[in-house]
J.: 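First, the structure itself, so that you have it in front of you.
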Amino acid sequence: SSYEHKLNFKKSKETCLSYIQDAMLQKQWKRAAEFLTFYVESLEKDYSREHVGPSEVIWRIGTEVLCHHSHSSMKEFNCFMEQMKTLGVKRYLKICLEHVFHLLCNGQIDEAYQNLSLAESWRYGEQTAIQNKEMKLIQAYRGLLDYYSWSKQKNILLEHGLDGFADLSVEQEMHSCFRKAAVNLKEIIKIPGVWDLFVKCYVDLLEFYGDHNEAHQVLNEYAYNSRFPANPNAHVYLYQFLKRQGESKKSLISALKILHDIVPSHELMIDFNTMLQKSKKRKKRRLGLEVIFAVLDYVGWKENVKAWSCLARQVKQIVISEKHLDWIKEEWNCRKDWWPPFHFSRYLAKRNWQENKSLSYEKALVAGILLGKDCKYFKYVSHQGCKAQVKRFRMLKKFVNRHNPVYLRISG
Amino acid sequence: RDFNERCAQCSEVNWGLTDGGRYYCRSCHNVTERTTEVVNTDFMTNSRVQTISKGSRKQEKTGGDCEWYVCEGFQLVLKKQAEALEALGVCPQMKDEILCNFWRCYLQKSKQAYCNRPAGETIKALSVCESSTDVDSEPDRPSVLHLLSLSESEGDLQTDCSFASSMSKVSESTSVYSGSVDGSLYLMKNQKEKLRMTMPMTLSFCYMALLWLREPITLSELLRFVVEGHIPYLNVFQHFPEKMKLCGLDLKIFCVESWPVYEEVHNKMLELAAFLDLPHFPDITDSCFLHPDMLCIKYLMEANLPDELHNWTCRVVKKIGIGEVDFLTLVPGNNSTRKVKYDILAAAVIVVVLKLLFLLDDHYEWLLSDFAEERNKNNKEGGQYFEFKKWYEVVKRSLDVEQKKLDEERAKYVWRCKKPLFYSVKNKSKVLKRRQMVVNLQNQFGKLSGPVQRPEKPNPSSFQLSWSEENTDGNCFHGHSLKGILQEKCGLLTAMNPDYWLCTVKLCNEKLCGHLAHYREVDFPQSYHFVLRLFSFLLRIQPSYIHDEVCMIEHKLFHKKLSKKLKYNTVLRK
């Protein structure tokens, strides 16, 4: 409470705003609406010197309240947005864009499209140039919706095509959608930024119409142009594209390199490791080992059988060949302090055995090599496995016992 | 200037010149047939030409609009305020005689020539105000922006940006835009000479009239009624007749965007009284409502304090002589005496009495309360002994609730009204559109506000807090006894509390730093702060003003001791 007994318009509205904010933070939408009702008259006063004026405040707060209030409807929301658009020329396109987002979230695709088209045709003196960015976004989203239409029509055609119905008008419309979409999507992805969805759609279009070169170029730009922010998805898209195109392993491997650097725990690392392991080049195999060890540093992969089997296979192969044990030593050096309790505790041995025999098998192999036959994990699992008379565990035991000296060399 | 004939109507020699070159009498508005035929260059360059400037507004005015002067606007405002006060129970004399006469006197003294006619008639053009504008001389024309920045009204309306830019397009030959004839001149005048009229000053007028009649409304109450909407002030222009178009610079004059401030209204009232050369005001005697003895009764009731405290307030009042007629009655122009703020004074007396009896040092009052509680437990029959602790809890609870309500009211205060304001015709459509949007949004979100709608403005009430003895929950302390804290010495009842602490050892020079003392909450006991807070809420003023009066009273009360600089028996604190 305040002991101020003076009050003027500005202070009164500031106080009102703080009540609105409190109500919103506590999700009391009725109360927020109530105070907002008293706040709106600040529109009648000039705040041009303020950083954030009442029209912006009302737009943002009003949007929140209408989104969350139980009695509000899309119709009311739309009506509100239309009013907000008339309030501030400087914000017009931004409001249009956000309105479109809301419509899309509520499944009103057609209305969203209409709004985008309308916004695209808006011109207002020098404001048009100033709000260039928003305009580009509007065009981009319209392109996206065009893609969406194209996609629907494509599916219709594919279905009917099987039945033998060739609907010419649908086909023509589909192509027209393609042209509209392609133009806008191509434009937006030129600007440095994160445009995952737009890129995917554009590439989809290009592939459908057979322009693989362009698609490849687009993906390359997106992944490798340094002006664009580092984006793991860019590399994933490129990789998937190359795979679809049946590119060589060499290309595929090079596409995943940067992904490994920025997201070592990515699920494609399994594929990556698999390709690298099989490579004839020593460097690549070395990288493969690095990759798979890195993957298992992450909690999310702890119980992944595939990952462990990759590691186990590679480690086994190295041990048998007796070449490049130093690779294992290098990788193990920084992990030997924390991997044992992280992966190879007795508790985990028990649990893995109970829950997933395959997992325990793979892990036991790795443990046996890295920590020796006397380590808790290997001992427990192999004992259990042999007790259960499962063949592979007996083989495992023999293998590890035979190669125990390796452990000594690794750990030493 | 060469024209020295007496006016046919009023016999005055007071001539001006119309646009058409005719002479007219400034006292009674009689236009003659005499025209200036000889162009005397001396006349044109050396003297000020009085003109009724109609400008190009002729084209803009539709039939039915009238010319009106700023002082007419204020006259209307005062009339409305007087009517509202009458509706609240003030005697009709206030409106019909006192306020009227004050206003006329003001118009005369401020040389805004005045036609004597009852308020409320269709406004006709009055004689012009003095001006130094010569329509043809451009260097004299003030720039619009200069005028806008001149206004010192507390409203401080920010100009619509488009207004400023559109104004620059106004041609030089028209006067600066306002609905009133002299709006621009009004803002330009040198205020210091003539005590220019402002909206807060209308309240000063009202208060002055109320004081003259010794009506039972204090200034703090008056201002509270204004804020609560019972007295027209905010958006009072709604009551102007259709013909009086309000726009442009009029807005700076008549539109208010802040609550009236006690100090400002009070000071202006004093200035006004001196300016009007008013005589000695009617005596404030001990049967008047404004006398501290009477006001103390009211405030003691409202503060839920025992009636018995009234004896004490009367004793203090008597001892320091603040109940004397000479002390209380306003003598305008006499700058040597400190002017009395009756409401703050009474509240301060109560605070001092509480300090005398309870010390209020955050220890002693609770001790006394514990004793009283014991006695109340053991003594079931007979009256209740006053327990400070209980009182504090009850009053604090109510105060917190009311304060919270007040805070929400401040946030929900509606400043604009249905009648839209615009600076210029160019502005009009934009303003109307905005208003429409505001109304739409209010409807839209109002529906979402839930069932709790804003209640109608509360009935005007003299009491903000009320306590009833009929309530069985024992929350009313009026009848409680002070027995536990008093003792008898030499036939006189005195407080058991032997100590007293002064709020300040030395008073500041009010003229230099605006206050007698400087109040900071952290420097004083919390009980003291609570008591100040309570009266601060009731009077709607800063605690520091009450603190000032407390200091003043204490210094009068302990004058002897202070001047002798005896330090025992008083616990001194800064």
Side-chain angles (χ1 to χ4, degrees), chain A residues 1-20 22-23 28-50 54-55 58-59 61-62 65-66 68-73 75-77 79-80 82-87, chain B residues 154-163 220 223 227 256-262 399-400 403-404 406-416 420-421 431 433-435 437-454 521 532-533 536-537 539-544:
Chain A
S1 68
S2 65
Y3 309 138
E4 266 291 321
H5 290 281
K6 302 188 189 178
L7 190 69
N8 61 18
F9 187 101
K10 190 167 172 202
K11 192 93 207 333
S12 173
K13 294 310 168 198
E14 276 170 17
T15 315
C16 190
L17 193 57
S18 67
Y19 274 92
I20 298 175
D22 281 344
Q28 296 171 327
W29 303 108
K30 286 205 177 80
R31 192 170 152 88
E34 186 188 346
F35 279 92
L36 188 57
T37 315
F38 294 106
Y39 183 78
V40 294
E41 63 171 11
S42 54
L43 282 176
E44 295 184 277
K45 195 161 146 75
D46 174 40
Y47 276 77
S48 60
R49 290 192 195 100
E50 306 278 327
S55 42
I58 290 170
W59 165 45
I61 292 182
V65 169
L66 287 171
H68 293 106
H69 198 288
S70 46
H71 292 325
S72 142
S73 65
K75 187 170 163 213
E76 277 214 43
F77 187 83
C79 175
F80 173 73
E82 292 306 323
Q83 287 190 81
M84 292 297 105
K85 286 177 193 172
T86 64
L87 263 187
Chain B
E154 88 303 295
D156 192 27
L157 282 173
Q158 284 186 14
T159 356
D160 197 317
C161 278
S162 61
F163 167 48
S220 55
L223 297 181
V227 161
V256 162
E257 284 197 346
S258 57
W259 286 358
V261 176
Y262 188 107
L399 182 61
D400 287 343
Q403 184 73 58
K404 186 159 178 243
L406 182 61
D407 290 337
E408 281 202 10
E409 283 305 305
R410 288 160 57 91
K412 290 188 188 172
Y413 204 74
V414 177
W415 296 88
R416 295 292 156 103
L421 304 168
V431 167
K433 261 195 230 163
R434 277 283 163 117
R435 176 100 283 257
M437 178 170 316
V438 166
V439 169
N440 288 343
L441 289 173
Q442 283 173 338
N443 285 336
Q444 185 169 28
F445 289 103
K447 272 187 263 168
L448 295 176
S449 296
V452 180
Q453 291 304 326
R454 192 147 195 237
E521 186 184 336
L532 280 190
R533 202 186 121 202
S536 165
F537 170 80
L539 299 181
R540 305 289 175 92
I541 52 170
Q542 301 297 95
S544 53

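Each chain gets a letter, A, B and so on, in the order its sequence line appears, and its residues count up from 1. As a basis for the values below, the full set of heavy atoms in this structure was taken, side chains included, without hydrogen atoms, waters or symmetry mates.
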J.: Flag the pair Lys11(A) and Glu14(A) as a salt bridge only when some basic side-chain nitrogen lies within less than 4.0 angstrom of an acidic carboxylate oxygen.
T.: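 A salt bridge is absent here (no side-chain N lies under 4.0 Å from a carboxylate O).
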
J.: Under 4.5 Å heavy-atom distance to chain B, tell me which part of Ile58(A) shows up: side chain, backbone, both or neither.
T.: side chain

J.: Look at Leu66(A), Val40(A), Val65(A), Thr15(A) and state which one has the largest set of heavy-atom pairs under 4.5 Å with chain B.
T.: Val40(A)

J.: With a 4.0 Å cut-off on N to O distance, would you call Glu257(B) and Arg416(B) a salt bridge?
T.: yes

J.: If you tally heavy-atom pairs under 4.5 Å against chain A, which of Trp415(B), Tyr262(B), Phe537(B) wins?
T.: Trp415(B)

J.: Tell me, side chain or backbone of His69(A) under 4.5 Å from chain B's heavy atoms, or both, or neither?
T.: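 Side chain only.
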
J.: Name the orientation class of the two ring planes belonging to His68(A) and Trp29(A) (parallel below 30°, tilted from 30 to 60°, perpendicular beyond 60°).
T.: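 Rings of His68(A) and Trp29(A): parallel, as their planes differ by under 30°.
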
J.: Tell me whether Ser12(A) contacts the main-chain N or O of Arg410(B) through its side chain, where contact means a donor paired with an acceptor under 3.5 Å.
T.: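 Yes: the side chain of Ser12(A) pairs with the backbone of Arg410(B).
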
J.: Between Lys412(B) and Glu34(A), does at least one N-O distance fall below 4.0 Å, as a salt bridge requires?
T.: yes

J.: When only pairs under 4.5 Å are counted, which of Glu41(A), Gln83(A), Lys30(A) shares the most heavy-atom pairs with chain B?
T.: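 Heavy-atom pairs under 4.5 Å are most numerous for Glu41(A).
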
